[in-house]
2 protein chains.
Amino acid sequence: MPKPAADSAALGLGVDRTSPVPLYHQLAQQLEAAIEQGRLAPGSLLGNELELAARLGLSRPTVRQAIQSLVDRGLMVRRRGVGTQVVHSRVKRPLELSSLYDDLEAADRRPATRVLRNTVEPAPAEVAAALGVAEGSDVHLVERLRLAHDEPVALLRNHLPTGLLDLDTGRLEATGLYRMMRSSGIVLHSARQSVGARAAGGDEADLLAEPPGAPLLTMERTTFDAGGRAVEFGCHVYRASRYAFEFQLLARP
Amino acid sequence: MPKPAADSAALGLGVDRTSPVPLYHQLAQQLEAAIEQGRLAPGSLLGNELELAARLGLSRPTVRQAIQSLVDRGLMVRRRGVGTQVVHSRVKRPLELSSLYDDLEAADRRPATRVLRNTVEPAPAEVAAALGVAEGSDVHLVERLRLAHDEPVALLRNHLPTGLLDLDTGRLEATGLYRMMRSSGIVLHSARQSVGARAAGGDEADLLAEPPGAPLLTMERTTFDAGGRAVEFGCHVYRASRYAFEFQLLARP
DNA sequence: GTCAACTATATGTCCTGACAAAAAGCCGGT
DNA sequence: ACCGGCTTTTTGTCAGGACATATAGTTGAC
């Protein structure tokens with residue numbers, strides 16, 4: 001029988017009503033931690049919502065909201081008449097809106113940055129269209145070489161609208177662009193990406209320490225803030241021999 | 001003032017209580033259609049939830065659930081004390097779990113398929129690990145050449161567990177693999193992808209009508225069903241000169 | 001013994017009601 | 001004229017209840 005028995009009791013579940021963090025979020029975090037640490041085995045049922053709510057002293061909608069947030073992230077599956085169970089496959093993140101710098105740092109690959117250019121220039125047509133500004137109006141241009149373990153990994157060219165951010169070269173080398181944007185109060189909301197490949201040109205090949213004509217992974221990205229304004233347009237090329245995009249997809253129901 | 005006036009009245013909103021489709025879903029679809037057709041302008045406020053609920057004869061939680069589903073998909077943004085407004089940027093899909101065949105067909109690029117191989121073979125180590133089966137046990141192997149406008153676009157090699165699906169060569173050529181899986185009752189749930197690039201080998205180059213050494217876009221994908229079992233492992237290579245992945249990312253709050 | 005119908009169980013949907021918290025605008029004092 | 005605090009508006013969170021519906025197991029008839 002493919003129903004690996006429930007558990008659900010004595011999981012250290014319990015909410016703190018004095019805390020400012022919402023109850024449903026507390027519960028969601030505890031459940032996620034339990035899944036992460038294997039205390040909630042994959043495939044195991046979670047016990048019904050009514051009983052869970054009663055034991056925690058919460059109402060069913062609150063418990064449902066907590067579970068729903070895990071379902072939305074692909075950690076659990078609900079089946080009417082059956083119950084809610086933990087999925088078998090260990091899911092990671094569903095493709096976060098993340099920066100290369102953070103990714104490399106999380107992978108412990110000692111990221112470093114060399115700023116090649118940091119200027120203000122009139123916007124070419126393509127950039128102007130992406131950022132939604134007039135062609136020829138001033139935009140920031142930042143060109144960086146990203147290293148990992150002292151080896152070049154990617155060549156990053158970014159355009160940003162003026163007046164949004166103080167693009168200090170020193171800070172650009174010490175941290176990532178996304179981190180700088182977030183700490184300036186910019187709320188990153190969504191991005192439109194295009195990922196492709198092409199052969200390396202002469203200059204790129206030199207900078208990336210690849211032979212001319214080597215295959216490169218390319219990414220174009222326009223990032224929007226919560227209001228829907230474009231806050232960044234980037235053309236990145238990655239050494240295909242050293243880097244690949246990895247991510248998790250979720251089917252939307 | 002960056003508050004482009006509300007609208008919200010007379011949008012043709014109204015629910016059908018005799019319909020089996022949930023009320024919150026009806027409302028969400030109508031709002032999405034209104035946004036799609038421009039009847040709800042980007043940046044416009046949606047009017048408060050209480051009033052909207054009253055006008056539609058619904059309760060606030062139901063209206064909230066409808067709005068929330070649009071917020072989750074990045075179509076709207078809520079701000080406490082302000083209201084809910086339509087985002088400016090035109091959002092497409094947040095990277096659906098889609099097949100190349102469907103994508104090409106949606107883009108009206110006349111997809112066609114040539115099945116090169118369709119056999120059962122012992123699983124190599126990499127495939128066995130991805131599918132979660134024993135090394136050397138039998139798995140399906142399907143190798144296809146995907147064409148668009150009568151030109152080769154991609155070379156698709158897929159491994160599937162045996163016993164899941166009837167892999168008829170004729171149907172494989174007439175439709176996509178994902179469509180076949182779905183119509184067999186398999187519920188696609190999530191996938192783990194890795195996208196990279198490399199130079200074309202001799203055989204690949206011939207099949208794809210590219211010169212040897214041409215840059216190719218590569219994708220490896222393991223797809224899981226709702227129970228978390230791996231149902232497909234694919235290694236695809238795309239002609240970088242003809243194809244790029246395009247998708248929308250959403251920041252998770 | 002087999003298959004259909006019934007029943008128990010769990011989630012899905014929807015309602016009413018209440019208070020908290022953040023944001024924006026109003027208004028008064030200095 | 002400026003700047004503080006107050007009020008209003010709106011979403012955020014939470015409770016408790018009711019009924020619908022899909023699933024699985026059990027029971028009953030044949």
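Residue numbers start from 1 in every chain, and the chains themselves are labelled A, B, ... in the order their sequence lines are given, proteins ahead of strands.
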What nucleotide, of [options], holds the atom closest to the side chain of [X]?
{"X": "R17(B)", "options": "dG12(D), dA15(D), dC15(C)", "value": "dC15(C)"}
{"X": "R60(A)", "options": "dA24(D), dT11(C), dT11(D)", "value": "dT11(C)"}
{"X": "L50(A)", "options": "dT11(C), dC14(C), dT11(D)", "value": "dT11(C)"}
{"X": "V82(A)", "options": "dA24(D), dG12(C), dT11(D)", "value": "dA24(D)"}
{"X": "S59(B)", "options": "dC14(D), dT11(D), dT16(C)", "value": "dT16(C)"}

Rounded to the nearest angstrom, tell me the gap between atom [atom1] in [X] and atom [atom2] in [N].
{"X": "L56(A)", "N": "dA15(D)", "atom1": "CG", "atom2": "P", "answer": "10 Å"}
{"X": "L58(A)", "N": "dC14(D)", "atom1": "CG", "atom2": "C1'", "answer": "9 Å"}
{"X": "E51(A)", "N": "dA8(C)", "atom1": "CD", "atom2": "P", "answer": "19 Å"}
{"X": "N48(A)", "N": "dA22(D)", "atom1": "CG", "atom2": "C1'", "answer": "16 Å"}
{"X": "Q68(A)", "N": "dC14(D)", "atom1": "CD", "atom2": "P", "answer": "16 Å"}
{"X": "L52(A)", "N": "dT11(C)", "atom1": "CG", "atom2": "C1'", "answer": "13 Å"}
{"X": "Q65(A)", "N": "dC14(D)", "atom1": "CD", "atom2": "C1'", "answer": "9 Å"}
{"X": "R78(A)", "N": "dA22(D)", "atom1": "CZ", "atom2": "C1'", "answer": "14 Å"}

Please classify the nucleic acid contact of T62(B) as base, sugar-phosphate, or nothing, using heavy-atom distances under 4.0 Å. sugar-phosphate

Would you call [X]-[Y] a salt bridge at under 4.0 Å N-O?
{"X": "E105(A)", "Y": "R179(A)", "result": "yes"}
{"X": "E173(B)", "Y": "R144(B)", "result": "no"}
{"X": "E220(A)", "Y": "R192(A)", "result": "no"}

Steps toward side chain to side chain contact (heavy atoms under 4.5 Å, CB included) verdict (R78(A), Q68(A)): CA-CA 9 Å; R78(A) 325 179 84 133; Q68(A) 189 60 45; 2.6 Å; yes

Criterion side chain to side chain contact (heavy atoms under 4.5 Å, CB included) on L27(A) and L56(A), from CA distance to verdict: CA-CA 9 Å; L27(A) 179 53; L56(A) 293 172; 3.8 Å; yes

So which of residues 21-31 of chain B are in contact with DNA chain C, with a heavy-atom cut-off of under 4.0 Å?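 Result for residues 21-31 of chain B: P22(B), L23(B), Y24(B), sorted by number.
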
Check the phosphate of dA10(C) against T84(A), side-chain N and O only, distance under 4.0 Å to OP1 or OP2. Yes or no? no

Taking OP1 and OP2 of dG12(C), is either one under 4.0 Å from a side-chain nitrogen or oxygen of R64(A)?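 Affirmative; the distance criterion is met.
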
Among residues at least two apart in sequence or on other chains, which ones pass ring-ring contact (aromatic ring centres under 6.0 Å, His included) with F245(B)?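 Once residues adjacent in sequence are excluded, the partners of F245(B) under the ring-ring contact (aromatic ring centres under 6.0 Å, His included) criterion are Y238(B), Y243(B).
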
Please check: side-chain N/O of Q30(B) versus main-chain N/O of G14(B), any donor-acceptor pairing under 3.5 Å?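 Yes.
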
